[in-house]
Structures are given as structure tokens and as C-alpha cells.
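Numbers for residues simply follow the sequence, beginning at 1. Every heavy atom of this structure was used, including side-chain atoms; hydrogens, water molecules and symmetry mates were not. What you are looking at is a predicted structure, and each value in this text was computed from that prediction instead of being measured. Atoms within each ligand, like the ligands themselves, are counted from 1 in listed order.
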Amino acid sequence: MPVIDFNDPDALQLIGHACKTWGAFQVVNHGIPTSLLDQTECTSRDLFSLPIEQKLKASRSPDAISGYGLIRSNSFFSKIMWSEGFTVLGSPVDHFRQLWPQDYTKHCEVIEEYEKKMKRLAEKLMWLMLGSLGITKEDIDWADPNGYIPDASSASQMNHYPACPDPDRAMGMATHTDSSFLTIVYQNNVIGLQVLKERTGWVTVPVIPGGLVVNIGDLLHILSNGLYPSVLHRAVVNRSKARFSVAYFYGPPTTVQVSPFPKLIGPGHPSLYRPITWSEFLGIKAKCFNEALSLIKVTKTPPIECVDANDDSNNVEVA
Ligand SMILES: O=C(O)CCC(=O)C(=O)O
Ligand SMILES: [Fe+2]
């Protein structure tokens with residue numbers, strides 16, 4: 001998987017190429033302080049090491065997004081899922097007060113700072129990803145003239161994959177695409193994230209000190225009129241080490257209608273998807289999961305292949 005230095009003068013071209021060929025890349029020199037990533041990992045470790053009765057006080061309710069529970073996408077699979085998750089949507093304060101009645105403020109401060117910094121990085125990444133398609137600020141009416149997206153939506157997902165006595169029979173996170181515009185993933189120094197590369201198979205994403213993984217989500221796939229694939233990925237578990245990851249999902253305001261950019265539509269390039277809001281898309285995804293994209297296609301094609309999350313027949317390479 002390509003590793004891109006944010007300060008590289010060719011970053012725009014490199015990012016464009018990575019988006020087209022992989023739908024994902026790693027970024028270094030991104031400006032997020034290592035100390036902040038370390039603190040975020042500490043909060044995540046603290047959270048998951050609480051007694052289960054304590055964690056359940058902050059359980060995600062059935063129709064809500066935020067809180068403690070199963071990793072949401074895993075509910076579609078019947079295999080043994082060796083993981084737990086905590087989702088932050090909006091302020092974490094209510095849930096954190098239940099988890100840490102005495103010292104919730106320090107954890108809130110860490111997550112708020114992490115989300116603030118991630119939002120800035122996501123914005124910069126978005127303009128580079130769009131820029132290499134020839135899309136500028138003028139093409140997006142929900143961006144202000146400085147390139148800020150005032151009402152951009154985001155959520156953060158902390159994941160914990162404990163060491164597993166029988167990793168071949170379990171899965172950390174089932175195969176999925178993110179529904180966001182883009183996702184920034186921090187992983188502690190334990191491998192486990194794998195991406196599906198066309199004509200290659202499953203590729204393990206190496207851990208690079210200070211590196212962050214950037215995934216293309218379904219909404220950017222739609223906006224790019226299919227030029228950028230939303231990358232299929234999963235997380236596997238291992239026998240000896242606990243793994244932690246934190247994903248930051250970034251997208252447009254939830255009420256904005258997203259559709260392929262007119263600039264990317266033309267003779268021979270018909271618009272592939274109908275306009276849709278993030279909220280509506282999430283609703284379809286909650287019911288149909290990996291088939292959501294094919295359901296909103298203008299020209300109907302057979303549903304995209306739903307890869308078996310535990311299929312070991314695919315080769316795994318380390319890139
Ligand atoms: O644990 C990982 O590396 C995968 C995280 C992820 O894909 C997600 O939270 O959507
Ligand atoms: Fe993901």
C-alpha cells in the first residue's frame with residue numbers, strides 16, 4: 001500500500017494514483033502530534049480495560065450509533081467476532097461520565113482534541129483527493145470559500161481486538177467498506193488491518209511509526225463517479241497481542257445530497273449513482289450492508305461481491 005509524505009511536492013498526484021489503484025494509502029508527516037495519538041490510545045486502553053459491568057453502563061442503545069458494544073458492522077456475520085467497540089458521535093461526555101465518574105474530563109479533552117485535529121486533516125486530505133480529479137472548491141456548494149466544510153459530519157470508532165487463543169476461527173472486524181467520505185485509521189503497533197486489492201487479494205497493512213491509514217469511503221466513491229473505489233477491508237486477530245485501532249469517519253453534512261460531480265459525467269461516462277444523503281445511505285447500509293452501493297446504482301449491475309470475511313483461500317501479502 002502506498003505511503004505518502006504529506007510534505008512531498010508531488011502529494012496531489014501520489015494521492016490521486018493511490019486512490020484510483022488501491023482506494024487507500026498511508027500518510028506520514030500529517031501534522032497530528034504523536035503525543036495526541038498516544039493519549040487517544042491510552043483513553044481507548046483505559047476504556048476497554050474497565051470491568052464489563054462498567055462498560056455496559058455506556059452501552060449503545062439498539063437504534064443509536066454512539067456507545068459501547070459490538071463493532072456495528074459485525075452484527076451482519078455469524079462467525080466468532082473477537083472484538084469490542086466504542087463509537088463517539090457528537091460529545092462523548094454523557095457516556096464518559098458513566099464510565100469514569102471521577103475523571104471523565106481528561107478523557108473528554110483527549111477525544112475532543114483528537115477529533116478537532118482529525119477534522120482539519122480530513123479536510124486537507126479531501127481537497128487533495130478531489131483536486132487530483134480536477135474538482136475545486138467552486139464545485140462544492142457546501143464548502144465555504146476557504147475550503148472549510150462548516151457542518152461536516154464525523155464519528156470516531158475505537159476498536160479493541162484482544163489476543164485470541166484460536167485466531168483462525170475468529171475474526172476481528174468483518175469485511176466491509178466504510179460509508180464515510182474518507183476514514184483515517186490509527187493502529188497501535190500490532191498488524192491486523194487488511195485491504196482487498198484487485199487482482200492481488202488480501203494485503204496486510206504494515207504498521208509504520210507515526211503513519212495513519214486513509215480509506216476511501218462509499219460517499220467519495222459516489223462523488224468520483226466510480227473513479228475511486230471504496231476499499232474493502234477487514235481486521236484479523238492474533239494469538240499473542242491485543243490490538244487497538246481508532247477510526248475517524250469524515251463526511252459531508254448529513255442532509256447534503258451527494259451525487260457524482262457533473263465534471264466527471266460525459267459521453268461514455270454516464271452518472272453511475274442517484275443523489276443520496278449520508279443519512280439515507282446509512283439507512284440502506286444498515287439493512288443491506290455491502291450491497292448498499294449496487295442498490296443506488298442508476299444502471300443496475302449484479303450486486304457487488306460480498307466477500308466471505310473468514311475466507312482463508314485468498315492470499316495475504318504484506319505491502
Ligand atoms: O481495526 C482496524 O484497523 C479497522 C478499523 C475499521 O475498519 C473501522 O473501524 O471501520
Ligand atoms: Fe472500516
Side-chain angles (χ1 to χ4, degrees), residues 1 22-27 37 40-41 44-45 47-48 60 65-77 81-89 111 114-115 118 122 125 153-164 167 170-197 202-208 211-221 228-238 241-251 278 281-282 285-286 289-290 292-293 304 306-307 309 316 318-319:
M1 178 189 281
W22 284 78
F25 55 92
Q26 294 216 57
V27 62
L37 296 173
T40 307
E41 188 185 321
S44 171
R45 281 178 184 270
L47 191 159
F48 291 117
R60 188 187 296 126
I65 291 179
S66 48
Y68 171 78
L70 269 182
I71 289 176
R72 286 171 64 237
S73 52
N74 283 352
S75 58
F76 286 88
F77 295 82
M81 293 297 173
W82 205 260
S83 49
E84 53 184 343
F86 187 93
T87 315
V88 177
L89 180 73
I111 295 302
Y114 156 87
E115 293 208 310
M118 281 290 165
L125 284 165
S153 316
S154 65
S156 299
Q157 163 82 28
M158 296 183 238
N159 304 305
H160 173 219
Y161 312 92
C164 176
M171 199 64 207
M173 191 179 293
T175 303
H176 67 286
T177 58
D178 295 338
S179 32
S180 55
F181 193 105
L182 65 91
T183 307
I184 305 172
V185 183
Y186 164 79
Q187 45 179 348
N188 72 331
N189 62 353
V190 179
I191 54 170
L193 175 62
Q194 300 183 333
V195 300
L196 191 61
K197 170 97 166 50
W202 286 106
V203 177
T204 299
V205 179
V207 174
I208 301 176
L212 292 168
V213 181
V214 181
N215 290 334
I216 304 255
D218 297 330
L219 293 190
L220 183 49
H221 170 74
Y228 289 168
S230 49
V231 64
L232 273 164
H233 55 286
R234 66 183 184 186
V236 296
V237 290
N238 74 82
K241 285 188 183 141
R243 179 167 182 269
F244 293 85
S245 68
V246 188
Y248 177 81
F249 302 98
Y250 180 78
W278 197 3
F281 187 69
L282 281 174
K285 195 125 179 184
F289 199 46
N290 281 345
L293 273 179
I304 52 169
C306 188
V307 180
V316 177
V318 177

Does L232 offer a backbone N or O that forms a donor-acceptor pair with the side chain of N290 under 3.5 Å?
-> no

Return yes if some donor-acceptor pair links the side-chain N/O of W278 with the main-chain N/O of S179 below 3.5 Å, else return no.
-> yes

Just by distance, with hydrogens left out, do Y68 and E84 show a side-chain donor and acceptor under 3.5 Å apart?
-> yes

So, do Y228 and H221 have ring centers that fall under 6.0 Å from each other?
-> no

Do you know which of H233, K285, Q157 makes side chain to side chain donor-acceptor pair (under 3.5 Å) with D178?
-> H233

CD-CD distance between Q187 and Q26, expressed to the nearest 0.5 angstrom | 6.5 Å

Should you measure from each heavy atom of [X], which atoms of ligand 1 turn up under 4.0 Å away?
| X | result |
| --- | --- |
| D178 | 10 (O) |
| H233 | 7 (O) |
| Y161 | 1 (O), 2 (C), 4 (C) |
| Q157 | 9 (O) |

Under 2.8 Å from the Fe ion (ligand 2), the protein N, O or S atoms found are H176 NE2, D178 OD1, H233 NE2

Answer with yes or no whether R243 contacts ligand 1, where contact means a heavy atom under 4.0 Å from a ligand atom.
-> yes

Contact between Q187 and ligand 1, counting heavy atoms under 4.0 Å?
-> no

Anything under 30° is parallel, anything over 60° is perpendicular, the rest tilted; go ahead and classify F244 against F48.
-> tilted

Pick from V246, N188, L193, T177: the one approaching atom 4 (C) of ligand 1 most closely through a non-hydrogen atom = L193

For the residue pair L125 and I184, what are the closest heavy atoms and their distance?
-> CD1-CD1, 3.9 Å

What residues form a side chain to side chain donor-acceptor pair (under 3.5 Å) with S180, not counting sequence neighbours?
-> T183

